[in-house]
Amino acid sequence: MNIRDEILINQFAQSVVTDKPILERFGLLALDEKRNYLIYLIDLIQQSKPLDTDIPKAIEGSNQRLTFTPCVMLRKGVATHNLIIISKLPEYELTKVLKLFLSLFKIAYLRRFAMEKDHSGKWWYWDLSNQDNVELALKSY
């Protein structure tokens, strides 16, 4: 995952963009790249401190059926080892995994965003609808 992808994910969490550009970029990746992308996203999720109580909202926000394999597996908890197991599902499941992980990230991220908004040392909590902030974030890498 590169800085542009990370900005895009944080913009998604702030409702600046939909998941469509993320899904499009993900769809262009090779299988190993998709798995690495999901592992990086798991790191972002864990940094946002998800709670097991976020799971029903994450499933609902992903617009997926409760019976989809990633959703069934997520109900076991948001611990890192469980998310890693989900990320190792077959390739045909990985778009569902991405949607679910994005939804989980957004819920946890917004909780942290409320506390850390505009923290000068954390560009991911800046207002990313402001192109100047996006440019500053890009320059930080």
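- Under the 4.5 Å side-chain criterion, counting only non-hydrogen atoms from C-beta, Val78 is in contact with Ile55.
- Taking every heavy atom of both residues into account, Phe105 and Ile45 meet most closely at CB-CG1, 3.7 Å.
- Listed by chain and residue number, nothing satisfies the side chain to side chain donor-acceptor pair (under 3.5 Å) test with Ser103 (two or more places apart in sequence, or in another chain).
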Does the pair Phe101 and Ile42 meet the rule for a side chain to side chain contact (heavy atoms under 4.5 Å, CB included), with working shown?
CA-CA 8 Å; Phe101 283 4; Ile42 290 169; 3.6 Å; yes
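- There is no path of hydrophobic side-chain contacts, each under 4.5 Å, that joins Trp124 to Ile107.
- For the ring pair (Phe, Tyr, Trp, His ring centres under 6.0 Å) condition, the pairs that include at least one residue of residues 15-34, sequence neighbours left out, are Phe26-Tyr37.
- Taking the side chain as every heavy atom from C-beta outward, Lys99 and Asn63 never approach each other to under 4.5 Å.
- There is a path of hydrophobic side-chain contacts, each under 4.5 Å, that joins Leu31 to Leu23.
- The shortest distance between side-chain heavy atoms of Trp123 and Ile3 falls below 4.5 Å.
- With sequence neighbours excluded, the residues satisfying salt bridge (charged side-chain N to carboxylate O under 4.0 Å, His left out) with Arg112 are Glu116.
- Residues forming a side chain to side chain donor-acceptor pair (under 3.5 Å) with Arg4 (at least two apart in sequence, or on another chain): none.
- Within a 6.0 Å radius of CG in Asp32, other residues, nucleotides and ligands contribute 12 heavy atoms or fewer.
- Here the CG atom belonging to Leu104 is positioned 8.5 Å from the CG atom belonging to Leu41, to the nearest 0.5 angstrom.
- Listed by chain and number, the residues in a side chain to side chain donor-acceptor pair (under 3.5 Å) with Lys106 are Ser15 (sequence neighbours excluded).
- Evaluation of the salt bridge (Lys or Arg N to Asp or Glu O under 4.0 Å) test over residues 55-65, restricted to residues two or more places apart or in two chains, returns none.
- Remark: the backbone N or O of Lys20 is paired with a side-chain donor or acceptor of Thr18 at under 3.5 angstrom.
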Acceptor/donor pairs from residues 67-77 side chains to any protein atom, 3.5 angstrom cut, sequence neighbours excluded:
from	atom 1	to	atom 2	distance (Å)
Arg75	NH1	Leu66	O	3.0

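- For the atom pair CG (Asp5) and CD1 (Ile22), the distance works out to 8.5 Å, reported to the nearest 0.5 Å.
- The minimum heavy-atom distance linking Leu100 with Gln64 is given by the pair N-NE2, 3.5 Å.
- In this structure Asp52 satisfies the side chain to side chain donor-acceptor pair (under 3.5 Å) test with no other residue, sequence neighbours excluded.
- Under the salt bridge (Lys or Arg N to Asp or Glu O under 4.0 Å) criterion, no residue pair touches residues 130-141, with sequence neighbours excluded.
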Can you check side chain to side chain contact (heavy atoms under 4.5 Å, CB included) on Leu83 and Gln46, steps first, answer last?
CA-CA 10 Å; Leu83 299 182; Gln46 293 304 344; 3.2 Å; yes
Could you pull out all donor-acceptor pairs under 3.5 Å where a side-chain atom in residues 6-14 meets a protein atom, sequence neighbours excluded?
from	atom 1	to	atom 2	distance (Å)
Glu6	OE1	Tyr40	OH	2.8
Asn10	ND2	Glu6	O	2.8
Gln11	NE2	Leu128	O	3.0
Gln14	OE1	Leu128	N	2.9
Gln14	NE2	Tyr109	OH	2.7
Gln14	NE2	Trp126	O	2.7

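- Residues that satisfy the salt bridge (charged side-chain N to carboxylate O under 4.0 Å, His left out) test with Asp19, not counting sequence neighbours, are absent from this structure.
- In the hydrophobic clustering of this structure, Leu51 does not group with Leu110; members are Ile, Leu, Val, Met, Phe, Trp, Tyr whose side-chain heavy atoms approach within less than 4.5 Å, directly or through other members.
- By the criterion of side-chain heavy atoms lying less than 4.5 angstrom apart, applied directly or through intervening Ile, Leu, Val, Met, Phe, Trp or Tyr residues, Leu138 is grouped together with Leu136 in one hydrophobic cluster.
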Anything under 3.5 Å between a donor and an acceptor, one on a side chain of residues 84-98, the other on a protein residue two or more places apart or in another chain? List them.
from	atom 1	to	atom 2	distance (Å)
Ser87	OG	Ile84	O	2.7
Glu91	OE2	Lys34	NZ	3.4

